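None of these values were measured; they are calculated from a predicted model. Per chain, numbering begins at 1; letters A, B, ... match sequence-line order.
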Amino acid sequence: MADLYNSIDEIMEQARKAVGHRVSEFNVNNRPLSKNNKGVIGQVVEEGVFHYPINSNHEADFANLGVELKVTGLKKNKNKLTMKERLVLNIINYMDEATVDFEHSSFWLKNRLILLIFYLYEYERNDFDFRFLEAFLHEFAPKDLEIIKKDWEFIHNKITSGLAHTLSEADTLYLGAAPKGAGHGGDLREQPFSNIKAKQRAYSLKASYMNTVVDTLFNKEKLEAIFNYEELAIKTFEELVEERLRPYYGKSENELFSMFGVNENAKSKFNILVGKMLGIKGVINKTEEFKKAGIELKTVRVEEDGHIEQHMSFPYFKYEEIVNEEWETAEINEKLSSTKFMFVVFKRKAGIFYFNKIKFWNMPFEDIEKYVKPIFEETVRVIRKGDIVKYDTGSKYLTNFPGSSVNGVCHVRPHDQKSVRNMTKGLPLPTPDKVTGLTQYTKYCFWLDRDYIIEVIT
DNA sequence: GCATGATCATGC
DNA sequence: GCATGATCATGC
């Protein structure tokens with residue numbers, strides 16, 4: 001490609017010509033809208049805004065200036081703009097990537113400067129009617145880059161250890177290895193140190209990370225940081241968190257609450273407590289690092305005999321939406337594949353809970369495929385067929401949803417304020433229930449079994 | 001004791 | 001008002 005632009009200023013000036021306009025105004029080659037071409041808006045921008053032909057170069061789009069162009073959608077919910085999805089970067093060639101270091105990686109060579117062009121995604125509109133909102137040159141902050149380097153190293157380690165097939169987006173904090181391409185057994189790629197074919201993946205900037213970029217840009221939000229550059233440069237985020245919390249291991253719950261003046265009745269008491277132990281002013285899930293990485297804190301209370309009382313719940317699913325989902329892009333799959341959890345473990349001794357340890361964890365790719373996928377598929381089947389209720393016991397409805405006896409890892413159970421009998425407003429069903437004739441039902445969600453959680457933390 | 005459905009309680 | 005973390009209740 002001829003170097004059409006000689007400076008970043010020129011590029012930005014050109015980019016800003018699109019802002020406020022609709023995609024259709026730049027469709028100079030009359031590209032058709034197509035479900036099979038998800039990148040069509042990006043192509044229209046390349047041709048119609050920047051006047052260069054589309055390509056699949058390894059180099060950044062504006063190679064002479066090292067700027068990569070990314071066109072991506074934002075959604076508006078409750079007047080707040082958020083990413084429609086993660087920002088997907090280049091595909092990881094496991095064979096090539098294994099041979100380089102970070103400075104020479106395909107990620108760094110292509111994406112160190114990213115020209116982001118945001119458009120407003122509106123479900124009810126034709127894609128070509130979407131309007132461009134903003135053009136912004138993204139450069140990684142030094143602190144973020146330290147975390148991203150370690151993320152890259154983690155991915156690199158899996159490749160050089162012959163474990164590319166176990167990669168998961170939730171393995172890492174800001175830079176992820178996101179699935180790319182349709183599933184169904186296709187899109188498998190060879191890896192250098194194992195005969196097992198690995199799912200094709202691309203580097204991605206996680207939706208959680210990108211949302212903080214969007215927040216800073218559009219909502220002018222500022223977040224409290226836990227660690228500074230010097231700390232992040234020498235240790236991993238997980239090591240730093242562990243280090244700051246370790247002095248409190250072995251202290252009882254009450255001791256900790258009174259030590260830091262935390263109200264024990266507060267619902268977010270553990271969120272507040274962990275924040276205090278880390279030495280920050282606010283709550284943990286509002287900090288820069290936790291928000292960018294999308295880490296979710298979960299407290300786990302281990303009883304004296306080593307079991308835990310509670311299964312772990314996830315947001316409820318909407319019946320009308322879940323029946324239209326494909327496993328590859330299903331909400332529960334995306335959630336488990338991209339979320340890292342921080343377990344704050346308490347152990348009971350002589351009736352009292354003591355702070356035992358923390359553990360960062362994300363559900364392994366193989367477990368998600370082996371245990372969650374069949375539960376998801378059975379759940380969808382049951383809803384589609386109007387087959388939810390098995391029979392009426394007189395006091396409650398027994399269902400055909402896959403329960404906790406199915407595989408010991410994942411199950412489906414109610415999660416609502418109201419039971420089916422007492423509901424005033426349930427969620428609409430796509431198919432009326434055959435046994436009861438109900439057209440709406442109480443909220444259900446996916447759960448991870450407590451025995452599985454126990455296994456994970458020990 | 002566990003499976004499974006039902007419900008409470010806090011706080012955004 | 002409702003999402004979500006936390007628990008309860010019943011029956012096999």
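- Geometrically, Lys143(A) does not engage Tyr229(A) in a cation-pi contact defined by less than 6.0 Å to the ring centre and at most 45° from the axis.
- Spacing between atom CZ of Arg413(A) and atom C1' of dA9(C) amounts to 12 Å, rounded to whole angstrom units.
- Atom CZ of Phe102(A) has more than 12 heavy atoms from other residues, nucleotides or ligands within 6.0 Å.
- One can place NE2 of His415(A) at 15 Å from P of dC8(C), the figure rounded to the nearest angstrom.
- Of the two residues contacting DNA chain B, namely Gly403(A) and Asp416(A), the nearest-nucleotide position lying further toward the 5' end is that of Gly403(A).
- The side-chain contact (heavy atoms from CB on, under 4.5 Å) test with Tyr441(A) singles out one residue from Asp416(A), Val389(A), Ile383(A), and that residue is Val389(A).
- With Tyr444(A) as the partner, the side-chain contact (heavy atoms from CB on, under 4.5 Å) test is satisfied by one option alone out of Ile388(A), Ile322(A), Val412(A): Val412(A).
- Ranking dT7(B), dG5(B), dA6(C) by closeness to the Asn422(A) side chain, first place goes to dT7(B).
- Mapped onto DNA chain C by nearest heavy atom, Gln310(A) and Pro315(A) fall at different nucleotides, with Pro315(A) at the one closer to the 5' end.
- Closest to the side chain of Ser419(A), out of dT4(C), dA6(B), dT7(C), is dA6(B).
- Rounded to whole angstrom, the span from the NZ atom of Lys269(A) across to the P atom of dG11(B) amounts to 10 Å.
- Here Thr399(A) lies in heavy-atom contact (under 4.0 Å) with sugar-phosphate atoms only.
- Atom NZ of Lys269(A) is surrounded by more than 12 heavy atoms from other residues, nucleotides or ligands within 6.0 Å.
- If you check dA3(B), dT7(B), dA6(B) against the side chain of Lys396(A), the one that comes closest is dA6(B).
- Using a 4.0 Å heavy-atom criterion, one finds that His411(A) contacts no nucleic acid atom at all.
- Atom NZ of Lys335(A) and atom C1' of dT4(C) are 11 Å apart (whole Å).
- A side-chain N or O of Lys158(A) and one of Thr166(A) form a donor-acceptor pair less than 3.5 Å apart.
- Of all nucleotides listed (dT4(C), dG5(B), dA6(B)), dT4(C) comes nearest to the side chain of Gln417(A).
- Distances shorter than 4.0 Å separate none of the side-chain N or O atoms of Ser404(A) from OP1 or OP2 on dC2(B).
- The separation between Asn271(A) atom CG and dA6(C) atom P is 11 Å, rounded to whole Å.
- Whole-Å rounding puts the Phe401(A) CZ to dT4(B) C1' distance at 13 Å.
- Residue Tyr397(A) is classed as a sugar-phosphate contact, given heavy-atom separations below 4.0 Å to backbone atoms only.
- Looking at which nucleotide of DNA chain C each of Lys298(A) and Ser395(A) is closest to, the 5′-most match is held by Lys298(A).
- OP1 or OP2 of dA6(C) lies within a sub-4.0 Å distance of a side-chain N or O belonging to Thr299(A).
- DNA chain C is contacted by Lys443(A) of residues 437-453 of chain A, taking any non-hydrogen atom closer than 4.0 Å.
- In this structure the side chain of Glu296(A) reaches within 4.5 angstrom of the side chain of Lys335(A), judged on heavy atoms.
- If you check dC8(B), dA6(B), dG5(C) against the side chain of Pro414(A), the one that comes closest is dA6(B).
- Within 4.0 Å (heavy atoms only), Tyr316(A) reaches sugar-phosphate atoms of the nucleic acid but no base atom.
- For Glu97(A) and Trp152(A), the side-chain atoms include at least one donor-acceptor pair closer than 3.5 Å.
- Going from atom CG of Asp392(A) over to atom P of dT4(B) covers 17 Å, rounded to whole Å.
- In this entry the distance linking NZ of Lys390(A) with P of dA3(B) reads 14 Å, nearest Å.
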